[in-house]
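Everything below concerns the one structure shown next.
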Number of protein chains: 2
Amino acid sequence: MGASKADAFSVEQQDLASLSKALAHPARIAIIQYLMNVDSCICGDIVNELPLAQPTVSQHLKELKLAGIVKGNIEGNSICYCIDTDKIQALLGFIQSLVASKQANPNPCC
Amino acid sequence: MGASKADAFSVEQQDLASLSKALAHPARIAIIQYLMNVDSCICGDIVNELPLAQPTVSQHLKELKLAGIVKGNIEGNSICYCIDTDKIQALLGFIQSLVASKQANPNPCC
DNA sequence: TTTTGTTATTGCAATATTACGATAAATAAA
DNA sequence: TTTATTTATCGTAATATTGCAATAACAAAA
């Protein structure tokens, strides 16, 4: 045995975990930061920005797309990627409430 | 080949990815939510709350502790766990700036 | 000390992720 | 059509994560 008891948890918990997993690699953080910097959608220059081969970058982009953090549009024979903030709002809300709950109720022992 | 080109990225990118990875499992989300709900530190009732065996929960707690999202204090012969918000602020800031950058600069193509 | 209760660690099997060469798919340009 | 150019997919090797039984470690109670 040893994998995937994820179904034993709520959909919300699984969704938050999936969103976090999409951010859980430095390459994917780097892609997001790049898209934030150029603040207009840029295509496969992402490949040139990262110290990774093209198939690897494509795979990371696929994961970000699947998680709903990034969107892609066909533009001529290249593809224009940009940030999508719809899904990530849930994770933002979770972390905000985490920080807020701690400030409202500082624990007695820690 | 096939693993760990993480060193090729900045420390900031690695830190954000590590924090995200700590949240990237429904069991760890559930642990955090439980600690938020009881808003005072609770020990190993976490094990009773989760559909996982005690060693598995202990391992998840270890990861959360290592990431700095959870703190543990010895209390008699049990251990009192509670949320720590110091480290997670970086991730909160990142996601906030991500959402903000998009609102400030809606991309032309997506 | 012995026993009990609580948490951590070890060892290992099942599975998932990461990375990339090779190659496919698809559009643009010649 | 042929040739570039650009991105996605396949196949596979290396490594990491997940889960738990067994067991260790350690403090409290008897």
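Residue numbers start from 1 in every chain, and the chains themselves are labelled A, B, ... in the order their sequence lines are given, proteins ahead of strands.
Going from atom CG of Leu52(B) over to atom P of dA8(C) covers 15 Å, rounded to whole Å. Rounded to whole angstrom, the span from the CD1 atom of Ile79(A) across to the P atom of dT9(D) amounts to 9 Å. Residue Glu49(A) contributes atom CD, which lies 14 Å from atom P of dT7(D) at whole-angstrom precision. One interatomic measurement links the two molecules: CD1 of Ile31(B) to C1' of dT7(C), which rounds to 13 Å at whole-angstrom precision. Put simply, CD1 on Ile46(A) is 14 Å from P on dT6(D), counting in whole angstrom units. Atom pair Glu75(A):CD and dT6(D):P shows a separation of 14 Å (rounding to whole Å applied). One interatomic measurement links the two molecules: CG of Leu66(A) to C1' of dT9(D), which rounds to 15 Å at whole-angstrom precision. As rounded to whole Å, 11 Å separates atom P of dT9(C) from atom CG of Leu61(B).
The main-chain N or O of Ala100(B) is never found under 3.5 Å from a side-chain atom of Gln103(B) such that the two would form a donor-acceptor pair. Side-chain atoms of Gln54(B) never come within 3.5 Å of backbone atoms of Val47(B) as a donor-acceptor pair (strictly under, hydrogens ignored). Judged by distance alone, the side chain of Lys102(A) and the main-chain N or O of Ile83(B) form a donor-acceptor pair under 3.5 Å.
Residue His60(B) places at least one side-chain N or O under 4.0 Å from the OP1 or OP2 atom of dG19(D). Under 4.0 angstrom from either OP1 or OP2 of dA8(D) there lies at least one side-chain N or O belonging to Tyr81(A).
Here the closest non-hydrogen pair linking Ala30(A) and Leu50(A) is CB-CD2, 3.7 Å. The minimum heavy-atom distance between Ala6(A) and Gln14(A), with the atom names listed, is O-NE2, 3.3 Å. The two residues Ala22(A) and Ile69(A) have their closest heavy-atom pair at CB-CD1, 3.7 Å. Contact detail for Leu91(A) and Ser20(A): the closest heavy-atom pair is CD1-OG, 3.5 Å.
Near DNA chain C, meaning a heavy atom under 4.0 Å away, the residues from residues 17-25 of chain A are Lys21(A), His25(A).
Residue pairs that meet the side chain to side chain donor-acceptor pair (under 3.5 Å) test with at least one member in residues 55-65 of chain B, sequence neighbours left out, are Arg28(B)-His60(B), Arg28(B)-Glu63(B), Lys65(B)-Tyr81(B).
Set against dT7(D), dT7(C), dC20(D), the side chain of Lys5(A) has dC20(D) as its closest nucleotide.
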| Where along nucleotides 22-30 of chain C does protein come under 4.0 Å, by heavy atom, of base (B) or sugar-phosphate alone (S), with - for untouched nucleotides? | B----BS--
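Sequence order on DNA chain C of the closest nucleotides to Thr56(A) and Gln59(B) puts Gln59(B) first from the 5' end.
Ser10(B) and Gln13(B) are linked by a side-chain donor-acceptor pair at a separation below 3.5 angstrom, with hydrogens and angles left out of the test.
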